[in-house]
Amino acid sequence: MRFPAIVLWCAALSGSFACGSASTLDRVDDARLTAADADSANWLTYGRTYSEQRFSPLKQINDSTVTRLGLVWSHELPTTRGVEATPIVVDGVIYTTSTWSVAYAYDAATGRELWSYDPHVDRSRARTICCDAVNRGLALYRGKLYLATLDGRLIAIDAHSGRAVWDVKTVDQSQPYAITGAPRIARGRVIIGNAGAEFGVRGYVSAFDAESGKLAWRVFSVPGNPSKGFETPALEAAAKTWHGEFWKAGGGGTAWDPIVYDPDLDLVYFGTGNGTAWYRDLRSPGGGDNLYLASILAVRASDGQYAWHYQVTPGDNWDFDATQPLLLADLSLGGQPRKVIMQASKNGFFYVLDRTTGKLLSATPFVDGVTWATRIDTVTGRPVESPSAYAGMNAVLVSPDVEGAHNWQPMAFDAKKGVVYLNARNNSLAVHAPNAEWVNDITNRNMGVDQRYEGELRTRAAAAGGPRGELVAWNVNDRKAVWRVPLPVAQSGGVLATAGNLVFQGRSDGTFAAYRSGDGAPIWSFDAGTGVMAAPVTYLVNGAQYVTVMAGWGGTQGLANPRNHGPMKPGFGRILTFAIGGKATLVPAPYGHPAPPVPAILLDTTPAALHEGQLLYRTYCRFCHGLDAIAGPVPDLRYATADVHRQFDSIVRGGARKALGMPAFNDVLSSSQVRAIQAYVLSRAAAAADIR
Ligand code: CA
């Protein structure tokens, strides 16, 4: 074992808080978390402070010294999937997570791994995760770390030893729930939501006692079956905005990312996702706003009781989850002091709400090309929808797309400048083709999308070209960009801002860069060897400032079609740490293929079977193996060997590679259908090899 002596000593006292100089961990309590902003040496919570502003007062690394910033160490992770975690850093120890909800502790100065904790998530869950086996990080409270797992557990880990203290289920594991988000702490409780609205679940947020793991309260985001009665008056009111047997598919509205605690008002805020199905005519025939889908909700931290809601996208028809980061600030707006909550929403508008009441203060497009609504009416608080955004069961072409103008990637806020820094996608386009024949089926993607749609909107969307990626500095008071840095890729990562006049951000092509916060001038960059989605953090070790970022390309972004989205660099995940004068060299483990694919076998097929294989691939395979069979973080099937092709049926139907994250599909695919998919995959290899 490679534990440092002090950690061994604490581990030996397991459960005791008498761990001498190492016990700062144990003193991370409510008072310490409330004062996290002044604690510039550490990064104590997911968003650094309760307000989740991700702005560090540190400035040793600044717009002049950053040119000498270099790699101090890196550590390879045993994954090629997406890495989205924000590390927590206390007293020179980094606590972070990677794919399949595995947690790690590293010595920040040397990169030495102190411990790892694997919750052994069942890899067959891969069938019911929307967007890769990602995890966004941990929470820390009184010496324990809290980890939420892909299979719906919440686990308390002794931060000293890396051993589990308690392990509770926070979902019904027979349902297609998953958890990718980081837990948050509120008054001695651990708050966690869940995901699964693409498959059909009822969203909720739970609060567990941090010490015992006992459930304190649970608040649902959408109503359940009315015949069983409503849990709260708020849900009874919400049910009036739904029609039909909406509860059968669960409703959706999952709180899969932001949860923010506000100690001033003692409120917990969270964002909710799309409905099941995506299209209102399918999930709620007869219309309605479908509360509280695609909303920002505030509940009392003490008991989870409803305080207020703001529905960002009423009656959502476009997969416009309102689950982008929520950022709290106290601002002077138009001469008025305001406690606000902000979101750069997936739907393309930047929302500023009064967080005491939920009243909309402003909503302004922060990207080009938004078509679903012309504006948000600040009197009614509602969008003015464009007629082109809805055509019943007919397909429509809408911007932003389902990746959104902005997604889960954390943004940062410089309170002195009044500027939010964030990644943005302009002119993204989605074809929304509802499937009028949709029937609820929680064993598969259940969005009500006609995956077989091949109409002219598909051609129009392809001809329009891909979205444009930008790093944006957004002035909240002026409601406009101070600057925009056009990026050579559409997909980029989370953001860190510092008092050193710097903004740090990574992107899909593996570039990790620093920009001058005043004007967006790029002044430093590093090739991380693989795409970066996660947000960096900064902290002190022995008085010296460090920057750490988790690299690893995946999520839904890793599956973007590179032809439309610019270069992306899949590869092995890694953690990278930088300091002034760092001289380490990164030698990334090789990944990918040096030459175009060649079909490994010949398979007799017909044009009709090939076409059927393409449609089946689109329905069942592309969410992991990539659009048009061009894969990023999981095996690129065009390179499948003759050996793999011989086992194709036993892998796809028989689950021969279940342990590696490839679930069985024998319940939905026949052998002849699998053979059609195989033929399609081989045809894609032939196309890449230019064999006709
Ligand atoms: Ca969604």
Side-chain angles (χ1 to χ4, degrees), residues 77-85 96-104 116-138 145-157 162-183 190 192-204 206 208 213 250 254 256 276 441-446 552 554-556 558-559 573 620-621 623-625 631 633-635 647 650-669:
L77 299 167
T79 182
T80 57
R81 287 176 173 258
V83 179
E84 297 184 350
T96 191
T97 64
S98 178
T99 47
W100 300 110
S101 327
V102 177
Y104 297 89
S116 65
Y117 176 81
D118 185 347
H120 300 292
V121 168
D122 176 1
R123 301 305 194 249
S124 64
R125 305 285 307 185
R127 178 92 174 257
T128 48
I129 52 176
C130 85
C131 313
D132 207 350
V134 295
N135 186 280
R136 282 182 289 280
L138 301 158
L145 295 161
Y146 298 92
L147 169 71
T149 66
L150 204 61
D151 56 0
R153 289 175 289 155
L154 182 68
I155 301 174
I157 301 169
R163 292 189 196 124
V165 180
W166 52 255
D167 181 335
V168 297
K169 290 187 183 74
T170 174
V171 304
D172 173 352
Q173 289 177 316
S174 71
Q175 300 293 308
Y177 284 105
I179 306 183
T180 56
V190 189
I192 189 65
N194 44 57
E198 267 68 32
F199 299 88
V201 295
R202 185 182 178 202
Y204 58 86
S206 309
F208 291 87
T254 48
W256 58 264
T276 316
D441 173 8
I442 63 164
T443 65
N444 287 295
R445 298 224 164 223
N446 199 15
T556 46
L559 305 171
Y620 294 107
C621 316
F623 303 101
C624 292
H625 288 285
V634 299
Q647 302 173 60
S650 67
I651 294 170
V652 179
R653 283 171 37 81
R657 299 206 169 167
K658 209 153 56 173
L660 298 172
M662 171 60 200
F665 286 83
N666 55 326
D667 58 328
V668 285
L669 293 172

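Along the sequence shown, the residues carry numbers beginning at 1.
Here the shortest heavy-atom pairing between Ile157 and Ala103 reads CD1-CB, 4.3 Å. Considering every non-hydrogen atom in both Gly200 and Ile442, the closest pair reads O-CG2, 3.6 Å. Residues Ala664 and Arg653 approach most closely at CB-O, 3.5 Å, considering heavy atoms. Across Gly661 and Ala126, no two heavy atoms sit closer than the pair O-CB, 3.3 Å.
Checking each of Ile129, Thr128, Asp122 against Leu150 for a side-chain contact (heavy atoms from CB on, under 4.5 Å) leaves exactly one that passes, namely Ile129.
Legend: residues meeting side-chain hydrogen bond (donor to acceptor under 3.5 Å, both in side chains) with Thr97, ordered by chain and number and at least two apart, are Asn135. With sequence neighbours excluded, no residue forms a side-chain hydrogen bond (donor to acceptor under 3.5 Å, both in side chains) with Arg445. Annotation: side chain to side chain contact (heavy atoms under 4.5 Å, CB included) contacts of Val668 (sequence neighbours excluded): Arg127, Asn444, Tyr620, Phe665. In this view, Arg81 and Asp132 satisfy the side-chain hydrogen bond (donor to acceptor under 3.5 Å, both in side chains) rule, not counting sequence neighbours. Residues that satisfy the side chain to side chain contact (heavy atoms under 4.5 Å, CB included) test with Ala148, not counting sequence neighbours, are Leu154, Ile179, Pro183, Ile192. Take Asp172 and apply the side-chain hydrogen bond (donor to acceptor under 3.5 Å, both in side chains) test, not counting sequence neighbours, and it matches Ser174.
Using cut-offs of 30° and 60° on the angle between ring planes, the pair Trp166 and Phe208 is tilted.
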